[in-house]
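Report on the structure given below.
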Number of protein chains: 2
Amino acid sequence: MKVSELSGVKEIARRANVSIATVDRVLHNRTGVAQKTKEKILSIIKEMDYKPNILAKRLASKRVYKFGILIQKECSEAEYWNVPVSGIQEALSEFGDFGVDLRYYFFDRDDRESFLAKSDELLKKHIDGVIVAPIFLNETKDFAAKCTEKRIQFVFIESQVPSVHPLSYIGQDIIQSGRVVAHLCKYLIQPKDEILVLNVAKEKDISNHLEEKIRGFEQFFIDTSYQCSIKSFNIEIADDEEITAFMEDYLNHQQPKLIYVTNSRAYLVAKYLKDRGLNHIKLVGNGYHTRNIDFLKEGYIDFLICQKPLEQGYKAFLALYEYFIAKRKVIKLQYMPIDIVTKENYIYYEN
Amino acid sequence: MKVSELSGVKEIARRANVSIATVDRVLHNRTGVAQKTKEKILSIIKEMDYKPNILAKRLASKRVYKFGILIQKECSEAEYWNVPVSGIQEALSEFGDFGVDLRYYFFDRDDRESFLAKSDELLKKHIDGVIVAPIFLNETKDFAAKCTEKRIQFVFIESQVPSVHPLSYIGQDIIQSGRVVAHLCKYLIQPKDEILVLNVAKEKDISNHLEEKIRGFEQFFIDTSYQCSIKSFNIEIADDEEITAFMEDYLNHQQPKLIYVTNSRAYLVAKYLKDRGLNHIKLVGNGYHTRNIDFLKEGYIDFLICQKPLEQGYKAFLALYEYFIAKRKVIKLQYMPIDIVTKENYIYYEN
DNA sequence: CTGAAAGCGCTTACAG
DNA sequence: CTGAAAGCGCTTACAG
């Protein structure tokens, strides 16, 4: 019930007997304030439990933050990556103008050089923060080092990079993801059945983290003392024919009851099974991509383990937003839910 | 590259040769503007594709919107409802002050009177919009009618009310939810097995929409020509002992291989199964509640079908936000994903 | 080291 | 029917 029920900075200025400009200096930790004044203002801020008004802040400030998004380019097997983009834009448009400038840098996930080219391009642009999908390990490490040097904040999505510490990691707990699959598989097979696990990737880097999935997968069966034989293969190929050749050969002397493809390429196997009419072999994969979903609908894929790309993008953007604009603490490790998608629930999955 | 690169309203005013106050009047469809002036301004707005700056709007406006949330009170079997609350508050705090005043009106889901009391209380408060969980059908209809009369916007969450049209419905496609369960069940049982479906609720109203779940459930087996016998029961009871009595009696002459509890009370059955050591009977239920999760962890519940309460709350709030503050079109029907929660993926579910 | 003043893009009385 | 002016809570030159 004070007479002068002033607002934030003004009230601080009044109580401290200074101008709001001085308050602003303290608020932003700028130089040019006498130690004594500074302390006084700081204590008043604390006392008032002052929270700046973000709306006013953004409205008054001319500062525009530049964020870059360094991810795989959209391609038939990964329309996936189109989605985080809209997720981020949605977040932006929802609440008005936050003075953010977003730029996309798409590279080819099967081409190391394109990653280098795009990341170099990005580094020249004087960007504040970047969201990266670390597909190529060493290249990402170099990139991260350059970011640190240039004081660019980076957020990893999808997978982590050993011994590199981003502002935040947004993605699944990879090992646990393997366990979820294993648990589902238990419902699909009989004890003693044979399971085939496939890491299908053109570049070795990715299979690195795919192996963690397999660890989780195998560990589950050990933990639950479930008897089954698991054979796993890294195959560095990525098209129909090569898969067919591999499968033909494999099925010649093995009889898996279930196949687990550790990344988004389950549709390659599904296609093979469909062409050969091998309905009795169960199939589990990852990733909400149209080609996978098509086979899910037809019943050639039983389960898909997914994470919402839109939400992942949103959270990654939010991490940068929190850091630069809201100036709040950012959560270092943000595990995404490990979603189970089936023929019956995929329709509403992206909602 | 104009000399006068003025901002929104100012630029409109300049071009129309009027003051910004007049522009404002047109923008808000207020009276007191000559038809000719109005048309001119309108055409300029269109021409410029003018989008108001929400930040400035909220900052300048003194208007505070009052939203009410009329949901079940937190109780041991539904901590669930505690969560939408934080979801909404999170949405609010994330992007600063939007001039929204949220009030909660918790009723007892087993007590019709408490709903009436709380909804009456709410109606007296001169509220702009309200989020409602329509647990009691007729009472909700009356409430909706009163809202319409008082020009209060209402959003339904969790379930719909026949022939009542809210600003938006946020919740699952109930029939499809039943289908998802049925699909999972197929992995849990053998052909010819017997399935027991239980609608456990104290009040009849709720079981009404639960019956839709059963329709979806049964339809799935018909569609896939899967042979199994499904027995379903509406039991209007809600505690341990009554469930025990029912189960004892039922298991005397029937041998279900799987039990599907259509609402959040699967834990009651789980407890029974655990106490009797009936490990061989599979159990599927709904709702991410600690009591269900506990049994999920122990393996007495195989699957829980859930929807993220936090997201549901967030979306419901967003619907009101869009309507009142952003003044955008609101999506009438917003189906939530039908999530599958297991022992292995529940940990990250709420992230 | 400090302050007065203008401005961000809107809204809101108030005056005519 | 219309406009001039103050203000929302901040930031940003600029002057001293």
Side-chain angles (χ1 to χ4, degrees), chain A residues 4-42 44-45 48-65 93 95-100 324-327, chain B residues 4-42 44-45 48-65 93 95-100 324-327:
Chain A
S4 65
E5 198 63 76
L6 283 178
S7 60
V9 277
K10 278 187 198 161
E11 175 63 13
I12 299 172
R14 191 190 62 81
R15 294 203 201 177
N17 229 300
V18 295
S19 75
I20 55 169
T22 299
V23 172
D24 197 65
R25 285 181 189 101
V26 173
L27 241 22
H28 296 90
N29 215 358
R30 277 191 232 101
T31 57
V33 181
Q35 188 58 26
K36 248 182 112 177
T37 329
K38 185 170 176 177
E39 279 163 15
K40 190 172 180 184
I41 292 174
L42 245 22
I44 291 172
I45 287 172
M48 287 174 58
D49 188 28
Y50 168 73
K51 301 259 180 289
N53 181 321
I54 297 192
L55 272 63
K57 230 170 153 155
R58 291 300 324 152
L59 188 60
S61 173
K62 306 272 79 179
R63 178 82 157 96
V64 168
Y65 289 95
S93 67
F95 298 94
D97 167 44
F98 285 99
V100 171
F324 286 105
I325 295 155
K327 314 253 186 223
Chain B
S4 67
E5 197 64 74
L6 282 177
S7 59
V9 277
K10 276 188 199 160
E11 175 63 11
I12 298 172
R14 191 190 63 80
R15 295 203 200 177
N17 230 299
V18 296
S19 75
I20 56 167
T22 299
V23 173
D24 197 65
R25 284 182 190 100
V26 174
L27 241 22
H28 296 91
N29 215 358
R30 276 191 230 103
T31 58
V33 182
Q35 189 56 27
K36 252 183 109 174
T37 331
K38 186 171 174 177
E39 278 162 15
K40 189 171 179 186
I41 292 174
L42 243 22
I44 292 173
I45 288 173
M48 287 175 59
D49 187 30
Y50 168 73
K51 299 262 181 286
N53 181 321
I54 298 192
L55 272 62
K57 233 172 151 153
R58 289 302 324 153
L59 188 59
S61 172
K62 305 274 76 177
R63 177 80 158 97
V64 168
Y65 289 95
S93 67
F95 298 93
D97 168 45
F98 285 97
V100 170
F324 287 104
I325 295 153
K327 315 253 187 224

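Quick note on labels: first sequence line is chain A, next is B, and so on, each numbered from 1.
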Separation of [X] atom [atom1] from [N] atom [atom2], in whole Å?
X        : N       : atom1 : atom2 : result
Asp24(A) : dA13(D) : CG    : P     : 12 Å
Glu11(A) : dC10(D) : CD    : P     : 12 Å
Leu55(A) : dG7(D)  : CG    : P     : 20 Å
Leu27(B) : dG9(C)  : CG    : C1'   : 11 Å
Lys10(A) : dC10(D) : NZ    : P     : 9 Å
His28(B) : dA13(C) : NE2   : P     : 13 Å

Identify each atom pair where a protein N or O and an N or O of nucleotides 1-5 of chain C are less than 3.5 Å apart, giving names and distance.
unit_1, atom_1, unit_2, atom_2, d
dT2(C), OP1, Thr37(A), OG1, 3.0
dT2(C), OP2, Ala34(A), N, 2.8
dT2(C), OP2, Thr37(A), OG1, 3.3
dT2(C), O4, Arg25(A), NH2, 3.4
dG3(C), OP2, Ser19(A), N, 2.8
dG3(C), OP2, Ser19(A), OG, 3.4
dG3(C), OP2, Thr22(A), OG1, 3.0
dG3(C), N7, Arg25(A), NH1, 3.4
dG3(C), O6, Arg25(A), NH2, 2.4

| query | Within less than 4.0 Å of OP1 or OP2 of dC10(D), is there a side-chain N or O belonging to Ser61(A)? | reply |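 Answer is no, no contact under 4.0 Å.
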| OP1 or OP2 of dG9(C) under 4.0 Å from side-chain N/O of Lys51(B) |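 False: Lys51(B) side-chain N/O out of range (4.0 Å or more) of dG9(C) OP1/OP2.
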| request: Using the test side-chain contact (heavy atoms from CB on, under 4.5 Å), find all partners of Leu59(A) that sit at least two apart in sequence or belong to another chain. | output: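 Once residues adjacent in sequence are excluded, the partners of Leu59(A) under the side-chain contact (heavy atoms from CB on, under 4.5 Å) criterion are Asn53(B), Ala56(B), Leu59(B).
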| query | Who are the side-chain contact (heavy atoms from CB on, under 4.5 Å) partners of Ile20(B), not counting sequence neighbours? | reply |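 By the side-chain contact (heavy atoms from CB on, under 4.5 Å) rule, Ile20(B) matches Val9(B), Lys10(B), Ala13(B).
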| query | Reading DNA chain D 5' to 3', how would its secondary structure be written in dot-bracket notation, given Watson-Crick and G-U pairs with both distances under 3.5 Å, brackets [ ] for crossing pairs and | for partners on other strands? | reply | |||.||||||||.|||
| task | Hey, could you give me each pair passing salt bridge (charged side-chain N to carboxylate O under 4.0 Å, His left out) that has a residue in residues 26-42 of chain A? Not counting sequence neighbours. | result |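 Non-adjacent pairs meeting salt bridge (charged side-chain N to carboxylate O under 4.0 Å, His left out): Asp24(A)-Arg30(A).
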| message | I need the minimum non-hydrogen distance between Tyr65(B) and Phe324(B), along with the two atoms involved. | response |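 Closest approach of Tyr65(B) to Phe324(B): OH-O, 3.5 Å.
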| Test side-chain hydrogen bond (donor to acceptor under 3.5 Å, both in side chains) applied to Asn17(B) - qualifying residues, sequence neighbours left out |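 Checked Asn17(B) against side-chain hydrogen bond (donor to acceptor under 3.5 Å, both in side chains); zero matches.
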